[in-house]
Amino acid sequence: MRRFLLLYATQRGQAKAIAEEISEKAVTYGFSADLHCISESDKYDLKTETAPLVMVVSTTGNGDPPDTARKFVKAIKDKTLPPDFLAHLRYGLLGLGDSEYTYFCNGGKVIDKRLQELGAQRFYDTGHADDCVGLELVVEPWINGLWAALEKHFLSNRGREDTSETLTMASHASRDAVTPELLHVESQVGLLKLDDSGGKAAKVLEQNAVNSNQSSTLIVDFEASLTHSVPPLSQASLNIPSLPPEYLEVHLEEALGQKTDFSYQPGDAFNVICPNSDSEVQFLLQRLQLADRREHHVAVTIKADTRKKGAALPQHVPERCSLQFLLTWCLEIRAVPKKAFLRALADHTGDSAERRRLQELCSRQGAADYTRFVREAGACLSDLLRAFPSCQPPLGLLLEHLPKLQPRPYSCASSSLFHPGKLHFIFNIVEFLSNTTEVILRRGVCTGWLATLVESILQPYMCANHVDGKKALAPKISISPRTTNSFHLPNDPSVPIIMVGPGAGVAPFIGFLQHREKLQEQHPGGHFGATWLFFGCRHKERDYLFRDELRHFLKCGVLTHLEVSFSRDVAVGEEEGPAKYVQDSLQRHSKQVAGVLLQDSGYVYVCGDAKNMAKDVHDALVEIISRETGVEKLEAMKTLATLKEEKRYLQDIW
């Protein structure tokens, strides 16, 4: 077996899952993957590594490498390292990201760039997979092309090997033939270019299109849906992925008859530990025919005969927890099923038509249907079980394919100086319709739960458990601190700051202003810099969060400038009218904004929506710097990048 080093840097498990997939497929192609988390620095040494390196790197936060990669990145960024430090190393890197964020795939790009600076060379072109349009659109062809690239690398280094024999082994090891050219894979929103010189998939589709035309009289005219396909897919020969090996043995055993100190500072965020919806958990229990065993303990072991390499027990499943607890607190049952899960579900589906449809959705030919009816529709396991009644998966399959239920992050909306021993935060209740097979009104996993908890306080007389004359008890929730960030007030209070926070994005700035008010009370003779807040919402009378508090801060001088915009209110009798969005307000105060950032060495903080607002604010700042300094936009972008490097342009976006 020809060995290569396989490292993954993961935040929520996606990079790890992809690396494990590469490791499992490697054996089929005659390779052996030495798989490690990038944080396990005692298990590998790039300085002495002679085998090719394959890396899968995710991105977190505002373009940062994942927490598991921080130590690695710090080590390779050591400025004392010579430029040929890794000149012996050959590598291929797959970056994961989301183009809705400004710094797309930046975790992988940072590592890729630094490896190049240290002399390492690519044996395979870097791939950038975009979660905005579907990671699988880049991940799958990148993995398919990896084997030919590894073949080429080993053959060029070890010409003694029999070229024809190794290439034959690679081409016949799978039903999906791999072209020997290196694939340059790049993903953009709405644009995907793949070098498919083999053209096998296109030929299969073309041939089946011909076949379908020849038998058009037999085709029933209907639209495609989650449960039904149309030609040519419905009549195509499918290239479906191999069945993922099962590796967990699950038994249900009949059960026999603290307060944590939490310190924080304004700008910090924390995690809310939230459960899945009780109604959705009950549906799964009923659908899986396990309702009468909900209190049984879950005992999980590794199957003795599993073919899965490196099989391990899921760390997010507590030992001997109940089945009810498992589905409620441990598994992300709302997760969009990956193709490997669909492939596994197909083998537990009795009806042949339903099984065929699941196979289509996980096949290469059914990629468009998977994107449309599963990924973009936000389908989850419950939706699939409703859509395919004969599908009856075992519990172990859920543990193998459903990810860990992630805690949800929220910004602290208070200061411990202002509210000792308390932490405030705000949340919007997210509601949406799921109509994959039937229309279901759903709420966000965490916000729906929080809304239910506070209902007894906000609407006490509407609640069934209300007792006349008695105040409802405050609900308790579990929280945990998030990794320390730099979204904090400047150490020097005389430095001016600009805060941009529409909607719920205003939360951390309330903490900033509360903190600043207490500091000014404690140091009445101190010098405090100007504070600008650009706030926006849809309607002044319905969405203006913290209106009274902001007016108070403005009145007492803690907040020196408050600029508010209302995107849906219609201005009457005003020549110019109020700004619609926060970026418009920034443009209207272009000179002052530029002065704070470029002349007074001030800070700018942006909190809120990453998809639109953060990008629009970023563009507005570029235009402001360009206009006020008389430089080209490219130069203005470099200036803004410098502010980010200096941690004077800070984002807390989601």
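Basis for what follows: all heavy atoms, side chains included, without hydrogens, waters or symmetry-related copies.
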A.B. asks: Is there a side-chain contact between V54 and L5 (heavy atoms, below 4.5 Å)?
C.D. replies: no

A.B. asks: Find the distance between OG (S626) and CG (L621) and round it off to the nearest 0.5 Å.
C.D. replies: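 Taking OG in S626 and CG in L621, the distance rounds to 12.5 Å.
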
A.B. asks: Please say which of W147, Y91, W142 ends up in a ring-ring contact (aromatic ring centres under 6.0 Å, His included) with Y124.
C.D. replies: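 The passing option is W142.
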
A.B. asks: Please collect all salt bridge (Lys or Arg N to Asp or Glu O under 4.0 Å) contacts where either partner lies in residues 606-621, sequence neighbours excluded, each pair once.
C.D. replies: E100-K611

A.B. asks: Are any of the side-chain heavy atoms of L450 and C274 separated by less than 4.5 Å?
C.D. replies: no

A.B. asks: Under a 4.0 Å threshold between the charged nitrogen and the carboxylate oxygen, would R355 count as salt-bridged to D347?
C.D. replies: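 Salt bridge flag = no for R355 with D347.
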
A.B. asks: Report yes if the side chains of Y649 and T642 come closer than 4.5 Å at any heavy-atom pair, otherwise no.
C.D. replies: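 They are not in side-chain contact.
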
A.B. asks: Does E140 come within less than 4.0 Å of K339, counting only side-chain N to carboxylate O?
C.D. replies: yes

A.B. asks: Go through the steps to decide whether L327 and V281 satisfy the test side chain to side chain contact (heavy atoms under 4.5 Å, CB included), and finish with yes or no.
C.D. replies: CA-CA 6 Å; L327 295 177; V281 170; 3.9 Å; yes

A.B. asks: Applying the side chain to side chain donor-acceptor pair (under 3.5 Å) test to Q11, which of T59, D64, T68, D67 qualifies?
C.D. replies: D67

A.B. asks: Establish, yes or no, whether the cationic atom of K77 lies under 6.0 Å from the six-membered ring centre of F72 and within 45° of the ring axis.
C.D. replies: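 No, a cation-pi geometry is absent between K77 and F72.
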
A.B. asks: Can you list the steps and then say if I111 with K109 is a side chain to side chain contact (heavy atoms under 4.5 Å, CB included)?
C.D. replies: CA-CA 5 Å; I111 294 176; K109 289 177 180 178; over 6 Å; no

A.B. asks: Between S229 and E360, do the side chains contain an N or O donor and an N or O acceptor separated by less than 3.5 Å?
C.D. replies: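 Indeed, the side chains of S229 and E360 share at least one donor-acceptor pair under 3.5 Å.
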
A.B. asks: Using a 4.5 Å cut-off on heavy atoms from C-beta on, say whether the side chain of L433 contacts that of I440.
C.D. replies: no

A.B. asks: Got Y103 and K644 here, is their nearest side-chain heavy-atom distance under 4.5 Å?
C.D. replies: yes

A.B. asks: Flag the pair I625 / L640 as yes when at least one side-chain heavy-atom distance between them is below 4.5 Å, and no otherwise.
C.D. replies: yes

A.B. asks: Looking only at side-chain N and O atoms, does D584 offer a donor or acceptor that is under 3.5 Å from a partner on S565?
C.D. replies: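 Note: S565 and D584 side chains miss the donor-acceptor criterion.
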
A.B. asks: Applying side chain to side chain contact (heavy atoms under 4.5 Å, CB included), can you list everything that pairs with K16, at least two apart in sequence or on another chain?
C.D. replies: Y8, T10, E20

A.B. asks: Less than 4.0 angstrom from a charged side-chain N to a carboxylate O is my criterion; do D112 and R122 meet it?
C.D. replies: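 So D112 pairs with R122 through a salt bridge.
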
A.B. asks: In plain terms, say whether E332 and K404 are close enough for a salt bridge, that is, a side-chain N and a carboxylate O under 4.0 Å apart.
C.D. replies: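 The answer is no: the pair does not qualify as a salt bridge.
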
A.B. asks: In chain order, what residues pass the side chain to side chain contact (heavy atoms under 4.5 Å, CB included) check against F270, with sequence neighbours excluded?
C.D. replies: F262, V272, Y410, C412, L423, F425, I479

A.B. asks: Measuring from L358:CG to T349:OG1, what's the distance to the nearest 0.5 Å?
C.D. replies: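 Rounded to the nearest 0.5 Å, the CG-OG1 separation comes out at 5.0 Å.
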
A.B. asks: Could you grab the distance from atom CG of L93 to atom CG of L115, nearest 0.5 Å is fine?
C.D. replies: 7.0 Å

A.B. asks: Looking at side-chain heavy atoms only, is the closest gap between E246 and L397 below 4.5 Å?
C.D. replies: yes

A.B. asks: Say whether S434 and R442, considering side chains only, have a donor N or O and an acceptor N or O under 3.5 Å apart.
C.D. replies: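 The criterion, which ignores hydrogens and geometry beyond distance, is satisfied for R442 and S434.
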
A.B. asks: What's the separation between atom CG in L361 and atom CG in L233, rounded to the nearest 0.5 Å?
C.D. replies: 8.0 Å

A.B. asks: Measuring only between side-chain heavy atoms, which start at C-beta, is L331 closer than 4.5 Å to L399?
C.D. replies: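 Result yes, sub-4.5 Å side-chain heavy-atom pair found.
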
A.B. asks: Is the closest basic N to carboxylate O distance between R334 and D383 below 4.0 Å?
C.D. replies: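 Salt bridge flag = no for D383 with R334.
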
A.B. asks: For Y605 and F487, I'd like to know if the aromatic rings sit close, meaning centre-to-centre distance below 6.0 Å.
C.D. replies: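 Ring centres of F487 and Y605 closer than 6.0 Å.
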
A.B. asks: Tell me the closest heavy-atom pair linking I429 and A451, and the distance in Å.
C.D. replies: CD1-CB, 3.6 Å

A.B. asks: To check you understand the geometry: which heavy-atom pair defines the closest contact between S277 and S279, and what is its length?
C.D. replies: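 Result for this residue pair: OG-OG, 2.9 Å.
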
A.B. asks: Just by distance, with hydrogens left out, do D130 and S99 show a side-chain donor and acceptor under 3.5 Å apart?
C.D. replies: yes

A.B. asks: Which atoms form the tightest heavy-atom contact between D369 and A224, and what is the distance?
C.D. replies: OD2-CB, 4.4 Å

A.B. asks: Can you name the nearest heavy-atom pair linking V445 to P275, along with the distance?
C.D. replies: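 Smallest heavy-atom distance, with atoms named: CG1-O, 3.4 Å.
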
